[in-house]
4 protein chains.
Amino acid sequence: MATQHRAAPNAARRKETSRQAILAAAFDLLREVGYAKLSIEGIAARAGVGKQTIYRWWPSKGAVIFDAFLLLSASEGEPPVLPDTGDLETDLRLVLRATVEELNDPRYDQPMRALATEIAHDPDLAAVYAERLDGPLKEAKRQRLRSAQQAGQLAEDLDLDVAVEMIWSPLLNRWLHHSGPLTAEYADRVVATALNGLRPRH
Amino acid sequence: MATQHRAAPNAARRKETSRQAILAAAFDLLREVGYAKLSIEGIAARAGVGKQTIYRWWPSKGAVIFDAFLLLSASEGEPPVLPDTGDLETDLRLVLRATVEELNDPRYDQPMRALATEIAHDPDLAAVYAERLDGPLKEAKRQRLRSAQQAGQLAEDLDLDVAVEMIWSPLLNRWLHHSGPLTAEYADRVVATALNGLRPRH
Amino acid sequence: MATQHRAAPNAARRKETSRQAILAAAFDLLREVGYAKLSIEGIAARAGVGKQTIYRWWPSKGAVIFDAFLLLSASEGEPPVLPDTGDLETDLRLVLRATVEELNDPRYDQPMRALATEIAHDPDLAAVYAERLDGPLKEAKRQRLRSAQQAGQLAEDLDLDVAVEMIWSPLLNRWLHHSGPLTAEYADRVVATALNGLRPRH
Amino acid sequence: MATQHRAAPNAARRKETSRQAILAAAFDLLREVGYAKLSIEGIAARAGVGKQTIYRWWPSKGAVIFDAFLLLSASEGEPPVLPDTGDLETDLRLVLRATVEELNDPRYDQPMRALATEIAHDPDLAAVYAERLDGPLKEAKRQRLRSAQQAGQLAEDLDLDVAVEMIWSPLLNRWLHHSGPLTAEYADRVVATALNGLRPRH
DNA sequence: GCGTAATCGAGACGGTACGTCCGGTCTTACG
DNA sequence: CGTAAGACCGGACGTACCGTCTCGATTACGC
């Protein structure tokens with residue numbers, strides 16, 4: 001849909017059922033056998049599809065995995081919105097705790113690591129990811145901060161992009177690199193530390 | 001050296017020249033052909049070594065890559081120390097700019113991505129990484145913050161672990177996920193934002 | 001034309017230009033790429049024709065090749081006749097030398113081997129071949145022998161079928177199985193030996 | 001054994017059991033599924049062998065088939081000899097009837113057609129065939145004729161090579177090209193006609 | 001110093017998956 | 001309805017590596 005990197009064949013004739021069977025098979029296999037053992041051959045077999053049908057429409061295994069994620073989030077429809085109770089710290093804690101929850105969920109762990117790996121090794125994929133999946137989410141995060149900023153809860157000259165990354169990156173890093181326990185309590189500490197900053201407040 | 005996960009053969013008889021040839025070949029090939037096309041077969045051929053000699057001493061491709069990094073950093077000897085001029089912000093800027101420099105260096109980009117990928121998919125490796133490579137570095141970072149804290153430049157109750165992650169994670173994330181430009185200016189903004197926090201300071 | 005083995009579609013609406021383009025393409029490709037690499041796909045592409053148009057009208061690759069030969073020889077029109085100067089031995093030498101010439105001609109070698117192979121593996125095709133291509137030619141050979149027989153140059157009780165095969169088979173065998181040099185001199189020896197027989201003539 | 005056409009790997013380390021399993025599997029499959037559906041993949045699977053082990057030692061499917069025949073006839077050991085009762089015509093009838101029998105045996109029909117096809121399309125194979133399989137047999141045929149020649153039953157100046165081909169080619173041709181019924185009676189007619197020749201004997 | 005046991009380079013082995021090609025069927029749009 | 005075009009499922013192709021195994025040929029101990 002969004003990831004054709006080569007001169008595309010006649011997309012009008014594309015068989016939609018095959019496309020969905022492939023993406024579903026890819027996602028399922030990712031959970032079942034893990035990223036390292038995921039093969040195009042396996043996806044084709046599981047989807048009941050010729051290998052050529054995959055190679056015709058996707059340039060790489062990563063692109064298939066990626067589109068499987070697109071399919072997943074596309075079903076949600078309208079862009080995401082972060083909760084806004086007026087209390088930023090509470091809202092952020094809520095959201096980050098949910099993120100922690102999701103990252104710890106074994107159903108999503110493997111697929112998301114696979115996605116992260118593909119993105120890390122393929123800038124093209126990264127660009128599409130930034131536009132289609134991460135973009136809307138990041139905008140929602142920025143929007144929540146902007147709202148707090150207007151309410152006077154955040155510094156007027158705050159760099160929202162940096163702020164967003166400063167809140168969410170520590171979580172993603174711990175998760176991806178197994179560099180420490182990923183708990184709700186940790187999420188809270190990140191929120192508190194980010195909001196207050198490192199310097200003493202008199 | 002550090003990553004034998006299986007009952008080791010008699011290490012005393014190990015041929016040191018082969019070990020180094022393998023690690024060097026692994027590192028070189030990582031640069032030359034990239035992570036995706038790196039093969040044990042290729043490493044063995046390049047190193048002029050039988051495949052069995054690799055399988056005898058390392059449990060996985062990731063372990064070889066990892067030890068190649070160990071070899072690199074082991075040469076440095078004593079533990080790293082961050083500069084301490086008394087001015088935390090300046091020091092952090094300096095260090096982060098250097099980090100940005102290194103991440104943008106094409107000689108290290110591929111190998112480090114490979115290492116990151118292996119760590120992401122192998123918790124055992126992650127543990128060894130945390131202990132041997134990341135540990136000392138992280139301690140140095142914490143130490144610099146502690147020094148600033150004692151000088152009254154940082155909050156007394158600051159969570160140093162979280163603080164460290166809040167400063168360095170945004171950079172690593174941008175780099176690994178290609179989620180934005182990685183510049184010295186960006187490093188400066190991260191430092192400033194982290195130090196001040198998101199909330200307004202009156 | 002002669003080899004529809006399945007319930008044929010409405011042949012009246014058949015497009016003659018496509019038929020000829022297909023057969024011509026088949027024959028050309030046979031020369032150019034050889035029998036092993038000849039594909040329906042390739043024929044269709046070369047002929048500017050949909051694959052289905054081939055499958056609609058021919059049951060197998062062999063049938064296409066076969067019809068290509070039919071097209072070739074059909075152009076000759078009336079049935080073949082062997083020369084009859086009254087001197088059988090001379091006439092046979094002439095004809096066999098011509099056959100040797102043709103078999104050695106690189107333009108016909110590949111296609112004819114292809115035809116022979118198809119016939120060897122498909123009795124249906126063999127039957128059509130016997131009727132349409134080989135039949136008339138064989139009749140001409142028999143006729144020449146019959147004429148000689150009536151002139152008293154051949155034994156009265158001679159088995160003409162066996163005689164024909166005894167003269168031509170050695171050539172075809174040498175050619176098809178690469179079992180010896182195929183020269184005009186060899187043709188002469190075959191003629192002489194066949195006419196005289198193995199037994200001594202006192 | 002005789003058909004390595006490429007720079008051979010270290011043949012000393014070759015696994016004899018695999019070699020024989022491959023050739024046996026090839027021969028069996030040839031009978032079971034036929035030549036057209038014979039695949040390297042199938043042979044490897046049936047033989048319990050990796051595909052590479054076939055590609056390592058044979059340059060083509062034809063070479064495998066060929067060696068399977070070599071294995072078969074190699075087991076017979078010493079060179080073949082045709083019966084010699086002193087009565088050439090009777091002996092030839094016996095041998096040709098046996099040949100007819102064999103060619104009509106469904107167990108050998110498919111494999112031998114396969115061999116014939118490969119030889120027809122691969123001159124290299126044909127050369128090895130001529131030397132290893134057909135050679136000794138042809139020599140035996142020539143020897144029988146030579147014996148009859150010395151006994152005064154054949155013309156003194158008879159071309160033995162041509163004579164042999166004149167006797168056996170008609171049979172092989174009928175069989176390979178399905179160009180007529182292949183019966184004992186036909187064999188007899190060929191023998192008689194060849195011995196007497198076409199010309200009348202007064 | 002001398003067997004002997006382990007490591008080494010080499011590479012064949014049974015396998016899995018790759019990415020490509022083609023076979024034969026089916027669908028679409030046109031004439 | 002026949003056609004050109006070409007997507008589809010299936011499956012074989014020949015290649016690249018996997019991780020295991022077996023070979024001599026060096027080693028380096030232990031006796």
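Every chain is numbered from 1 and lettered A, B, ... according to where its sequence line falls, protein lines coming before strand lines.
In this structure, the nucleotide among F/dA7, F/dG2, F/dA16 sitting nearest to the side chain of C/R56 is F/dG2. In this structure, the nucleotide among F/dG19, E/dC8, F/dA4 sitting nearest to the side chain of C/T53 is F/dA4.
Of the residues in residues 34-50 of chain B, those placing a heavy atom less than 4.0 Å from an atom of DNA chain F are B/S39, B/I40, B/E41, in numerical order.
Nucleotide F/dC13 holds its C1' atom 14 Å from the OH atom of A/Y55, rounded to whole Å. Distance CD1 (C/I22) to C1' (F/dT3): 10 Å, rounded to an integer number of Å. In this structure, NZ of A/K15 is placed 17 Å from C1' of F/dA5, rounded to the nearest angstrom. Taking atom CD on B/E16 and atom P on E/dC8, their separation rounds to 11 Å, with Å as the unit. Here the P atom of nucleotide F/dC21 and the CD1 atom of B/I54 are 17 Å apart, to the nearest Å.
Remark: the A/R13 side chain and the E/dT28 base include a donor-acceptor N/O pair separated by less than 3.5 Å. Checked by distance alone, A/Q52 brings no side-chain donor or acceptor within 3.5 Å of a matching partner on the base of F/dC9. Taking 3.5 Å as the limit, the base of E/dG24 and the side chain of C/K51 contain a donor-acceptor pair of atoms between them.
Within the 4.5 Å cutoff, no side-chain heavy atoms of B/W58 are placed close to those of B/I40. Counting heavy atoms from C-beta on, the side chains of A/W57 and A/Q52 never come closer than 4.5 Å.
If you find the closest nucleotide of DNA chain E to A/K61 and to B/S18, the one lying nearer the 5' end belongs to B/S18.
Of the charged side-chain nitrogens involved, none lies within less than 4.0 Å of a carboxylate oxygen, so that B/E32 and B/K37 do not count as a salt-bridged pair.
For the ring-ring contact (aromatic ring centres under 6.0 Å, His included) test, residues two or more places apart in sequence or in another chain that qualify with A/H121 are B/Y35. When the ring-ring contact (aromatic ring centres under 6.0 Å, His included) test is applied to D/H178, no partner is found at least two apart in sequence or on another chain.
C/F69 and C/F27 have their aromatic ring centers within a separation under 6.0 angstrom.
Contact between the side-chain N/O atoms of A/W57 and the OP1/OP2 oxygens of F/dC8 is found at a separation under 4.0 Å.
D/R113 contributes a side-chain N or O that, together with a main-chain N or O of D/L176, makes up a donor-acceptor pair within less than 3.5 Å.
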